[in-house]
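Since the structure comes first, as structure tokens, the remarks are kept for the end.
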Amino acid sequence: MIDNTYNFNRIWSILQKEYPHPDPALHYNNVLELLVATILSAQCTDAHVNKVTESLFRKYRNVEEFAGADPDELEKEVYSTGFYRNKAKNIRKSSQIIISDFNSRVPDTMEDLLTLPGVARKTANIVLARGYGVMGGIAVDTHVKRLSKRLGLTEHTDPVKIERDLMALSRQEDWEDLSMTLILHGRRVCPARRPRCTECMVNELCPSNSNESS
DNA sequence: ATCCCGAGGG
DNA sequence: CCCTCTGGAT
């Protein structure tokens, strides 16, 4: 891998000042709700997930109620987040597995979390970090993937390899904020479609900068 | 590589 | 109309 630690440090320093409090955007009151909200966030905006979970969490209050939910009713609740059949099925089945295999408690290890349907590395990393304070890795979603590539922090497209590159570049204490900061910057300044490079505070350091050079 | 899938923006 | 949104399973 290219030694771009120096460039990363400069970029990270600027982004940290720009986004001093990269607060998580999903709303939840416990680890189970965090898990459910994160499953729902696949290919869907966080704001929309929050709108759906507001009534969802009022209707289903614990893992037993999610596990015993009527499939059609649950589908209707999560309908607007897209992929509603898969998401409803995964939430129900994961809840059943949590009851049968993990004493009704959301697992706190990567290995156990990955046994839940609808839960892969990205979702597991978020549950571990925000739910249990375990920093085992970096959540790589569509924003982190896109920004990492544009900023020259990785040459890979495979999320696992991107995660490894980011972990090598950054300090462990920054992992959670790094993921959230890239997401915020991606939403506000560097979206997939039309990146606004002229407004970007790290454009001088960005290999993908599309500003007209004067 | 492909499918799941509605909502919102340009 | 088109593309994208805090992915995951086959």
Side-chain angles (χ1 to χ4, degrees), chain A residues 15 19 21-28 31 33-56 71-98 107 110-131 135-151 153-154 156-163 166 174-197 199 210:
Chain A
L15 288 181
Y19 306 100
H21 303 294
D23 297 320
L26 290 177
H27 297 168
Y28 57 92
V31 183
E33 290 188 357
L34 170 62
L35 174 66
V36 171
T38 308
I39 289 175
L40 290 177
S41 73
Q43 297 296 82
C44 179
T45 63
D46 49 350
H48 196 87
V49 172
N50 289 333
K51 205 169 67 177
V52 167
T53 53
E54 187 178 351
S55 65
L56 183 71
D72 291 331
E73 281 186 36
L74 189 54
E75 277 188 12
K76 202 178 298 178
E77 285 286 332
V78 304
Y79 178 80
S80 65
T81 66
F83 301 150
Y84 63 92
R85 289 194 192 89
N86 283 335
K87 287 175 180 176
K89 186 173 62 179
N90 288 336
I91 288 169
R92 228 166 63 86
K93 185 133 195 232
S94 286
S95 298
Q96 293 167 358
I97 294 175
I98 289 171
M110 176 64 73
E111 186 186 356
D112 288 345
L113 282 167
L114 292 181
T115 67
L116 304 176
V119 178
R121 263 195 97 76
K122 181 254 173 181
T123 300
N125 271 330
I126 288 177
V127 171
L128 288 173
R130 290 190 207 143
M135 292 312 304
I138 298 176
V140 177
D141 53 48
T142 178
H143 288 301
V144 174
K145 193 172 169 182
R146 183 181 68 254
L147 282 257
S148 297
K149 180 118 198 272
R150 284 183 178 166
L151 288 168
L153 305 180
T154 184
H156 296 105
T157 54
D158 174 19
V160 177
K161 292 179 181 173
I162 295 174
E163 181 179 0
L166 293 178
D174 290 332
W175 286 355
E176 190 175 6
D177 283 350
L178 175 59
S179 188
M180 196 62 222
T181 296
L182 290 179
I183 289 167
L184 286 175
H185 189 58
R187 281 207 315 230
R188 295 180 191 174
V189 181
C190 193
R193 202 100 77 95
R194 285 169 47 200
R196 311 195 299 186
C197 297
E199 301 175 23
S210 63

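Lettering of chains follows the sequences in order, A, B, ..., and the numbering in each one begins at 1.
- To the nearest whole angstrom, the two C1' atoms, one in B:dC4 and one in C:dC1, are 22 Å apart.
- Counting non-hydrogen atoms under 4.0 angstrom, A:A25 reaches a base of the nucleic acid.
- Residue contacts shown for A:L116 are limited to sugar-phosphate atoms, with no base heavy atom under 4.0 Å away.
- Distance A:E163 CD to C:dG7 P: 15 Å, rounded to the nearest Å.
- Here the closest heavy-atom approach between residue A:S41 and residue A:V49 is recorded as CA-CG2, 3.6 Å.
- Rounded to the nearest 0.5 angstrom, A:H21 NE2 and A:D177 CG are separated by 10.0 Å.
- When distances are taken from the side chain of A:R193 to each of C:dG7, C:dT6, C:dC2, the shortest belongs to C:dC2.
- At the phosphate of C:dC5, OP1 or OP2 sits under 4.0 Å from a side-chain N or O atom of A:R146.
- When heavy atoms are screened at a 4.0 angstrom cut-off, A:R187 is found touching base atoms of the nucleic acid.
- Remark: A:T142 is in phosphate contact with C:dC5, judged by side-chain N or O atoms under 4.0 Å from OP1 or OP2.
- Rounded to a whole angstrom, the distance from the P atom of B:dT2 to that of C:dT6 is 25 Å.
- Within 4.0 Å of A:F83, counting heavy atoms only, lies at least one base atom of the nucleic acid.
- Of the listed nucleotides (C:dC5, C:dT6, B:dA7), C:dT6 has the atom at the smallest distance from the side chain of A:R130.
- If you take CG of A:D46 and C1' of B:dG6, they are 16 Å apart, rounded to a whole angstrom.
- With no hydrogens or angles considered, no side-chain donor-acceptor pair links A:H27 and A:T53 at under 3.5 Å.
- Shown here for A:V127 and A:L34, the closest heavy-atom pair between the two residues is CA-CD2, 3.9 Å.
- We find that the ring of A:Y79 and the base of B:dG6 do not stack by the test of centres under 5.5 angstrom and planes tilted less than 30°.
- Taking atom OH on A:Y28 and atom C1' on C:dT6, their separation rounds to 13 Å, with Å as the unit.
- OP1 or OP2 of C:dT6 lies within a sub-4.0 Å distance of a side-chain N or O belonging to A:H143.
- The P atoms of B:dC5 and C:dT10 are separated by 14 Å, rounded to the nearest whole Å.
- Positionally, the nearest nucleotide of DNA chain C for A:P191 lies more toward the 5' end than for the other of A:P191 and A:N90.
- One interatomic measurement links the two molecules: CG of A:N50 to P of C:dT6, which rounds to 11 Å at whole-angstrom precision.
- The nucleotide whose nearest atom lies closest to any side-chain atom of A:S80 is, among C:dC5, B:dG6, C:dT6, B:dG6.
- Proximity of a side-chain donor or acceptor of A:K87 to a complementary backbone N or O of A:T81 within less than 3.5 Å is detected.
- Rounded to whole Å, atom P of C:dT6 lies 19 Å from atom CD1 of A:I138.
- Taking atom CD on A:E176 and atom P on C:dT6, their separation rounds to 18 Å, with Å as the unit.
- The backbone N or O of A:C190 lies less than 3.5 Å from a partner atom in the side chain of A:R146, making a donor-acceptor pair.
- Atoms NZ (A:K89) and C1' (C:dA9) sit 9 Å apart, rounded to a whole Å.
- A:R85 has a side-chain polar atom (N or O) that falls below the 4.0 Å cut-off from OP1 or OP2 of B:dC5.
- The CD-P distance, from A:Q43 to B:dG8, rounds to 16 Å in whole Å.
- Put simply, A:K145 has no side-chain N or O that comes within less than 4.0 Å of OP1 or OP2 on C:dT4.
- Counting non-hydrogen atoms under 4.0 angstrom, A:I39 reaches nothing in the nucleic acid.
- As judged by a 4.0 angstrom heavy-atom cut-off over every strand, A:V119 is placed among residues touching the sugar-phosphate backbone only.
- Note on A:T123: a side-chain N or O is less than 4.0 Å away from OP1 or OP2 of C:dG8.
- Ring geometry, A:Y19 versus A:H185: the interplanar angle exceeds 60°, so the pair is classed perpendicular (tilted spans 30 to 60°).
- Comparing B:dG6, C:dG7, C:dT6 against the side chain of A:A42 picks out C:dG7 as the nearest.
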